[in-house]
Amino acid sequence: MYITLIILLISSLFFMSGKVRSDLVAMCVLVFLVLFDILSPEEALSGFSDKVVVMMIGLFVVGGAIFQTGLAKMMSSKILRLAGDSEVKLLVLVMLVTAFIGAFVSNTGTVALMMPIVVSMAMSGSINSSRLLMPMAFASSMGGMMTLIGTPPNLIIDGELVKNGYDKLTFFSFTPVGLVCLLVGMFVLIPITKIFLTKKGEGKTDKSKGGKSLNDLVGEYQLSKNLYRVLVGEHTLFKGMTLKEINLSQRYHISVLEIRRKPASNNPFFKTGTQEVVNADTVIYEGDILYLRGDFEAIEQMNIDNKLNFLDTHHPEQQLSNELHFHDIGIAEVLIMPASKFVNTPISESKLREHYGLNILGIQRQDTYILKNLKDEKMHAGDILLVQGAWEHIAKMDAERSQLVVLGQPLAEASKVTLTHKAPIAALIMIGMVVAMMFDFIPVAPVTAVLIASLLMVITGALRNIEAAYKTINWESIVLIAGMLPMALALEKTGVSALVSQALVGSFGDKSPYVLLAGVYFTTSLMTMFISNTATAVLLAPIAMKTALSLGLQPHAFLFAVAVGASMCFASPFSTPPNALVMSAGRYTFMDYIKVGLPLQIIMGIVMIFVFPLLFPF
């Protein structure tokens, strides 16, 4: 028992210090529990096969697809427009939208998504963003209480109930609790942020400086100017020919920027069209949509000569805007080095298309942009080329640093591009997952429903590939949970859980179940200020269960006290990742969290102690 307590104490100190990664601490805990013969190797590794851990992996993938398709951003942007110029209405809408998204995906991802949207809306409405960011972070945690999958502590107490022979919780068992949390949060935060956060950071609206975005490049090189779409029809003369054979650049001084191609399969569920990398050997097929850049008169003449059709207006002053997509094909700037073999070489002889599959769309030479008749233009040292091609091809140019230097990070930029054409698919999959979990018609639900949904997100292309799916998973959180679950088993085997349970019963049990419930809630709430909410829930859920059963009480209220107490921690910037994420963006100090978060945390606890018995009678 004493060795287990020492291991727990030391690991808690490391969790609190934050100087060592939490997953490394959890793995060290596992090793020491095995070395001191407290757990067998099988027991120590049991956390990695636990349903909670497997489900969390799947949920990270599903959540990642929702972000990658831009589904969450589309929903939140449209809803937030309803706020108008009202600061209170915007605060309420920010909290509602954030809580809604946080009910289905991780609170960390929710805050990362919402933060730029909220800051942008605050700036456009001349509202201080610091008054919105902290409530937004808190709302993401409140939203996690809305559903079974909203936050890890919810899954942990569900597992504890099932382990002790009780029915598993339904998908929306947490919804009444989450709604109360959100109402209390809005009721407290509207006045308290007005008092403590209104003056924060006023007059400091400088934009953070960073690299050029893809939209910046489109605007800088005027890619949307003189951009037209034409459709290859049944009677088009060059149908079935290659771009080299057609030779549009020579005949009409027209550049083909992009080709959108109909899917080979007629099943819209799996494909919604593809982008083709344009090169000399690209064959033009019926149904292709060509994105062309050139003078209107030249493109109009080409259409007449070859029997193509404009897809947009014929008026030269009304061109496309923001129509170029970067799902598979990207753009990037490339610097010509002084010792490069490309210096004084005409674009037509550079062979960038042959070697890298890249097209050159423009040249920046000091303050001048060369955008037309590029074929015969010679490259100079210091020129910056705007190239277009597959993201991985652009990234490969990094190997040629003595010749060319890619400005920016192509693969990082590719990961930011949302697959908006896949958003409906992601929405259908997520709705299907929620329905399956609600009605429990899939065996071993909800873990099976989550796994099926995560697989479908990859198979249907809502995530680019399996590597992108792996990148959505927060492996530190997964290893932390899998490593700390066996600690609860060790506490039970060595009698520590029984000892703590007896202490709680001895201190509060003879007074009232409400007092005991308060003891469980505020013990959890206090611990979460120093160690992660997941680790706190793992340790205290078995103790809450044992405490309730020892007094002959129904355990549900006590377990919900653990889940809510672990998640509703607002008094520290380091108690939850969302709190930490908004600290610098909102220019908050540690004392701001004490002033705003501590009263909310205490009021939330008091309200919940009276709400739990109403929802889950003793």
Side-chain angles (χ1 to χ4, degrees), residues 76 79-80 82-103 107 110-111 114-115 117-119 121-146 176-205 518 521-522 525 528-529 564-565 567-573 575-576 578-611:
S76 57
I79 295 171
L80 288 175
L82 300 172
D85 296 328
S86 169
E87 188 170 339
V88 173
K89 193 188 287 188
L90 182 58
L91 176 61
V92 171
L93 276 172
V94 164
M95 292 189 69
L96 287 173
V97 173
T98 305
F100 176 77
I101 297 171
N107 52 11
T110 302
V111 170
M114 290 292 295
M115 192 154 55
I117 298 172
V118 170
V119 170
M121 292 199 68
M123 289 179 66
S124 61
S126 300
I127 296 170
N128 188 0
S129 62
S130 64
R131 195 182 167 202
L132 301 174
L133 290 175
M134 190 182 290
M136 178 195 71
F138 294 169
S140 71
S141 297
M142 296 167 194
M145 297 310 305
M146 296 282 188
V177 176
L179 289 173
V180 173
C181 289
L182 188 57
L183 286 172
V184 171
M186 287 192 290
F187 181 78
V188 174
L189 287 172
I190 288 172
I192 208 168
T193 54
K194 184 80 172 173
I195 297 168
F196 293 114
L197 298 181
T198 298
K199 300 295 182 183
K200 281 303 291 181
E202 281 189 354
K204 299 178 183 178
T205 56
Y521 186 97
F522 284 109
S525 186
T528 307
M529 291 181 66
V564 178
S567 298
M568 301 296 102
C569 190
F570 311 121
S572 164
S575 56
T576 63
N579 293 4
L581 275 174
V582 299
M583 188 175 184
S584 59
R587 299 183 179 88
Y588 302 123
T589 64
F590 192 93
M591 282 306 298
D592 289 324
Y593 288 87
I594 297 292
K595 291 174 186 174
V596 177
L598 185 58
L600 175 60
Q601 190 167 328
I602 293 170
I603 293 170
M604 187 79 74
I606 294 169
V607 171
M608 285 298 155
I609 289 161
F610 292 99
V611 167

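Heavy-atom basis, side chains included; hydrogens, waters and symmetry copies ignored.
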Handout entry: Test side-chain contact (heavy atoms from CB on, under 4.5 Å) applied to F100 and M146, step by step
Key = CA-CA 8 Å; F100 176 77; M146 296 282 188; over 6 Å; no
Practice task
Go through the steps for I192 and L600 under the test side-chain contact (heavy atoms from CB on, under 4.5 Å), then give the verdict.
Solution key: CA-CA 9 Å; I192 208 168; L600 175 60; over 6 Å; no
Practice task
Would you check, one step at a time, whether the test side-chain contact (heavy atoms from CB on, under 4.5 Å) holds for V564 with Y521?
Solution key: CA-CA 8 Å; V564 178; Y521 186 97; 3.7 Å; yes
Practice task
Start with the C-alpha distance between L189 and V596, add both sets of side-chain angles, then the distance that settles side-chain contact (heavy atoms from CB on, under 4.5 Å), and finish with yes or no.
Solution key: CA-CA 8 Å; L189 287 172; V596 177; 3.6 Å; yes
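The CE atom of M145 lies 11.5 Å from the CG atom of L179; values are rounded to the nearest 0.5 Å. Taken to the nearest 0.5 Å, the SG atom of C569 stands 9.0 Å off from the CZ atom of F138. In this structure, L96 CG and I101 CD1 are separated by 11.5 Å, a value rounded to the nearest 0.5 Å. A distance of 6.5 Å separates CE of M568 from CE of M142, quoted to the nearest 0.5 Å.
Between M134 and Y588 the shortest heavy-atom distance is N-OH, 2.9 Å. The two residues S141 and F570 have their closest heavy-atom pair at CB-CE2, 4.4 Å. Shown here for Q601 and S525, the closest heavy-atom pair between the two residues is NE2-OG, 2.7 Å.
For L183, the side-chain contact (heavy atoms from CB on, under 4.5 Å) criterion is met by M186, not counting sequence neighbours. Evaluation of the side-chain contact (heavy atoms from CB on, under 4.5 Å) rule for F610 yields Y514, I606 as partners, not counting sequence neighbours. Partners of A99 according to the side-chain contact (heavy atoms from CB on, under 4.5 Å) rule, which considers only residues two or more places apart in sequence or in another chain, are L182.
A side-chain hydrogen bond (donor to acceptor under 3.5 Å, both in side chains) check over residues 92-103, counting only residues at least two apart or in different chains, returns nothing.
Side-chain contact between M136 and V97 is absent, with no heavy-atom pair separated by less than 4.5 Å.
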